[in-house]
Asker: 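Starting off with a structure, shown below.
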Amino acid sequence: MELAEAVRWAIAAVFAALLVASAVAFVLRRLRPHKDWTELRRRIASWWVMSAVFTAAIVLSRGTSIVFFAAVSYLALKEYFSLIPVRRADRRVLFWAYLTIPVQFYWVHLEWYGMFIVFVPVYAFLLIPLRMITLGRTEGFLRAAGTIHWGLMLMVFSLSHAAFLLVLQMPATSTAAAAGSNVSTSDAAATLPGPGLVVFLVVLTELNDVAQFLWGKSLGGRKIVPSVSPGKTWAGFLGGVATTVGLAALCGPWLTPMDRVQSTIAGAIIGLAGFVGDVNISALKRDLGIKDSGSLLPGHGGILDRVDSLTYTAPLFFHYVYWLFVFHTHGAAPVPPP
Amino acid sequence: MNRWLQLTFFALVVRPVVWFVLGLNVRHRERLPKGGPAVLVANHNSHLDTLVLMTLFPLRMLGRLRPVAAEDYFLRTRFLRWFSQRIVGIIAIGREGRAGGHPLAPINEALQRGEIVILFPEGTRGEPEQIGEFKSGIALVARANADVPVYPIYLHGAGKALPRGEALLVPFFCDVFVGEPLCWTGDKDRFMAELTGRMSALAAEGEFPAWE
């Protein structure tokens, strides 16, 4: 995929940050060799792998990026279905639920916004219970229908917004007006803002997690939601949001079509929504009585622990951007001349 | 065994299915044997169990992994016979004691060759995600090979993904809990009690959601 220079620099910056993290971890291990650093080492190693896979997905082609997000969606949904109580009779229903993933990401590939936005909330919502009705088992019907749809909304519908962000195209005419004085971005970045927006969303969401964790660890203090996620503090939350807002204001105008003010608001959305997405999955795990959702990513738990924030930030950031600018999508009315 | 076909099949079909379509959560992987002879004992709920266990080892050890399977089931058609024996590499034994020849003799021979034998002592896949009673054939194997370690392994999830009697694979993560090995204790009842005790302890390590 043709990437704007700013996107390439942003990716380089991610790897530079990882190098710094690895160096810091190395120094810490040397300074305090008696402490157990396995957890930190594993976490950073997993970050390297995740960043490499994400970079490859973004760099290779539009198709690989969509397949990448579909695969993340699949892994998250599978982990969710493996964690929740399921009726044996619903095996076939779950199979249909999995099938929504290729369909939903096919709409993304077609850039068919209208179908993309109703497929899971309307069609899957109405048809999955129909599949359950044909099984004829009513005991536990509501719980099963509810839990399956909750999973589809978070793991398929919400996460697929990150992929749709990627295929957004701006009409060349309105770009100049939207970008305003910001003429430093290249043509690719101006009409194909997708990769820049996706990198902005994903990197800031993950950084927000890390920043909230680091601020919380170093400052401690009053807990914010002790009954749901006992490790989270007000200091971590506020420090994390502030860090994310600062970074967003700094790189938004350079990486995306947003100006400084729009980028700052985007940073606030990602910071706040990321926190809610995180504690949302924490509440699920508390309810189920588990700590880590899996062991797919060493040091991080499962994939759900990594995409929890993204289930909230992806749709909220997407609709913010979608409201800010005019985009070309399949079936949309032609853009009126400015 | 057809080495190249087996290697291709496991590298291109089995591993992608087990690692991506299903996904493994392995606890205590470091306890797995580095080489043979050894006996892996697991609970059995799905055809996938064998493939999951065989994926725990590097491809170069593939030829030395020998799942024990019932001949009345796996040798019933020509294709199944070829596939089970040449590609998976099963040791086929009679479920009912037959006249002539000791039914466990092929297992003892495999262990003497230094192979890793995979055995499901329930003798059948049984009810989904429930452990049935362990048959004592495993005790006979352990007694005949007193210095060969027996590794209890608890499996969960494959029975949800592909239970007995179902042809449609529905993806679920598979949990694999590897236990500490034990050897023949000199007494059949004590050995069976020890083995089933360790299996229940492994099963109790996980918190599994309801599946009713």
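Below, read A as the first sequence line, B as the second, and so on, with proteins coming before strands; counting in each chain starts at 1.
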Asker: What's the spacing between B/E166 CD and A/R92 CZ if we round to 0.5 Å?
Answerer: 4.5 Å
Asker: Against chain B, label A/I84 side chain, backbone, both or neither, depending on which of its atoms sit under 4.5 Å from a heavy atom there.
Answerer: backbone
Asker: So which part of A/F95 gets closer than 4.5 Å to some heavy atom of chain B, the side chain, the backbone, both or neither?
Answerer: both
Asker: May I ask you to check whether over 12 heavy atoms, not counting those of A/R143, lie within 6.0 Å of atom CZ?
Answerer: yes
Asker: Can you give me the closest heavy-atom contact between A/S82 and B/P209, atom names plus distance?
Answerer: O-CG, 3.3 Å
Asker: Any chance CZ of B/F57 has more than 12 other-residue heavy atoms, nucleotides or ligands included, within less than 6.0 Å?
Answerer: yes
Asker: Side chain, backbone, both or neither: which part of B/F208 has a heavy atom under 4.5 Å from chain A?
Answerer: neither
Asker: Would one find more than 12 heavy atoms of other residues, nucleotides or ligands at under 6.0 Å from atom CG of A/L142?
Answerer: no
Asker: Around A/K35, counting heavy atoms of other residues, nucleotides and ligands shown, do more than 12 lie under 6.0 Å from its NZ?
Answerer: no
Asker: For the residue pair A/K78 and B/F173, what are the closest heavy atoms and their distance?
Answerer: CE-CE1, 3.6 Å
Asker: Counting only heavy atoms not in A/W37 (residues, nucleotides, ligands), do more than 12 fall under 6.0 Å from its CH2?
Answerer: yes
Asker: Crowded around B/E30 CD? As in, over 12 foreign heavy atoms under 6.0 Å?
Answerer: yes
Asker: Are the side chains of A/F81 and B/V170 in touch, meaning some heavy atoms are under 4.5 Å apart?
Answerer: no
Asker: Compare every heavy atom of A/Y98 with every heavy atom of B/P171, then report the nearest pair and how far apart it is.
Answerer: O-OH, 2.7 Å
Asker: Is there side-chain contact between B/P163 and A/R91, with heavy atoms separated by less than 4.5 Å?
Answerer: yes
